[in-house]
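What follows is a short report on a single structure.
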Amino acid sequence: MDPNSGISHYLKKDNKPYIPKLKHERLSFEYPGLPNQDDFTKHTNEKKPKVVNRWSRYFPKIITGVVVLWGAYAIKVWVYLPEPGSDSQELLDPREFHRFIITHKEEIDDQHFLIELVPKFNHWQYSFYSNYESKSIWNGDKIWSVDVKQPDIMVVRAYTPLPLYFMKSEYTRSGDRKPLLKVINNDADDYDKQGSMCLYVKKYNDGEVSRYIANKKIGEELELRGPNIEYKFPYHPLKQFHERPIFRDLPSKIEPENLVEKIKKVNKLAEFDNLVFYAAGTGITPILQVLLSRNPYRGFVDIHYSAQKQGELKPLERFLFFLEKLDRIKLHTHYDNIPNSRLNSKDVTKPEPSEYTSPLHLEEKGDKSHQLSPEEAYELRMQILNGDKKNHKTQPTNDDQRVHRYENAIEQAIVTSKEPKKPASLSLVCGPDGYIDYVAGSKHAEVNEQGPIKGLLGEKGWDNDNTYKL
Ligand SMILES: Cc1cc2nc3c(=O)[nH]c(=O)nc-3n(C[C@H](O)[C@H](O)[C@H](O)COP(=O)(O)OP(=O)(O)OC[C@H]3O[C@@H](n4cnc5c(N)ncnc54)[C@H](O)[C@@H]3O)c2cc1C
């Protein structure tokens, strides 16, 4: 058997000598070069790859953002005009409409609504406290209204804002409780409740503007222009010496007027005239505005309120009740649905002569009998001119102890309400044309003239000197 065959051949030790090869034929499997480093491109002029760091990553984005913002701002400034009132120094402006947002709406019945408004912009607040006297819109020295715009038909109507707001809380937001209607306090540091106000609106089914307002929803806007002064109460020297404390929701917190009688005596001042206010329906708003504002009317006010039925004033009744308890007003109601309750001649008193007539008024009337001497007239004129600047609230001190000091206005009212009230010397009438005609004769609204005083007031001797139709 051949030793080189069979299994023994494979088991046999290899005795071949090792002769190293000088040249090997090898196959290598290397990775090809990167696209820009392969044999074809590695000798081109290609720059080195960019180094990416944090700065180079974010800088272009920041620049893009800045350019986009600047572009948007430029478009806003140059293309879109600013909204009217957004940069106004005033809460209300008689020359332009300002936007207000409806923040609450209370439906008293299907025709009567209380609507709370808050200004959309707050630029007016910057100079508010440095000029509070002139900036605050609430001053009972005058009756004012605002024009509300119906933009679809470009029509405006007058409405009388009230210094009221709805107090909200988490309970009212969740719907557990109804917001409470409150009076705006002027001693809180809140820009007179951020410029809030309430409109008491009667909706007429064929009334363009009242329907427009009443159909608005919470969050929608109304455009207001004003204030338009409807009536300014006559000057009285007591105004320089004494201001009636503001009405508050809690009557026990209203300050008493302990020194008013003393001030009148010491300064030999005439009594403040009493007022009678004839109102129909929403015509009650002007006197409510005066009585609930800062510096309310100082005389006693008889309010004759006529309406179709009870309940139209529902949320406002509380304030009228408190004002009666404070001995500031007496409310006489006349409802169409109660027999014999309609306002008639028996309800109207004769005018009481005014306690004080300003020299200017006397001059206008040409009344020589009450004429002051030139010295007296000069002194009075200077008093009027300097009145508001001087601090006339310095109180008499020598016999203060004889002044009875009440704890609060309610305590004082319990005493004063027993004293008989002098009949009114001044009357104001507010309501629809038919009502004004019935109470005081027609008003020539088209030519803005009062017209002669006729009707119930004319019969009792009232005239244009002591009567004003709103
Ligand atoms: C100084 C001032 C203050 C005012 N304050 C308030 C206020 O606080 N709240 C308020 O609701 N209204 C107030 N008004 C009335 C208000 O301005 C509108 O006249 C009233 O809302 C109706 O307007 P309208 O556009 O809806 O109706 P319009 O389109 O003018 O009239 C529609 C119909 O309603 C009748 N109508 C209009 N007004 C009265 C009215 N007062 N009584 C009876 N019928 C009427 C018209 O004869 C007509 O048939 C005030 C008016 C003035 C002048």
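Each ligand, and each atom within it, is numbered from 1 in the order the structure gives. What you see is a predicted model, and the numbers here were worked out from it, not measured in a lab.
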Problem set entry | Residue list, salt bridge (Lys or Arg N to Asp or Glu O under 4.0 Å) with Glu449, at least two apart or on another chain | none
Problem set entry | Within the 4.0 Å heavy-atom sphere of ligand 1, strictly under, residues | Arg157, Ala158, Tyr159, Thr160, Tyr200, Val201, Lys202, Tyr204, Asp206, Gly207, Glu208, Val209, Ser210, Glu230, Thr282, Thr285, Pro432
Problem set entry | Side-chain donor-acceptor contact under 3.5 Å, Ser354 with Asp273 | yes
Exercise. Tell me, do Val209 and Tyr159 make a side-chain contact under 4.5 Å, heavy atoms counted?
Worked result: yes
Problem set entry | Mutual orientation of the aromatic rings belonging to Tyr335 and Tyr305 [parallel < 30°, tilted 30-60°, perpendicular > 60°] | perpendicular
For this session: Evaluate whether atom CG of Asn344 has more than 12 neighbouring non-hydrogen atoms of other residues, nucleotides or ligands under 6.0 angstrom away.
Result: yes
Problem set entry | Check: Phe247 and Pro296 side chains under 4.5 Å, non-hydrogen atoms | no
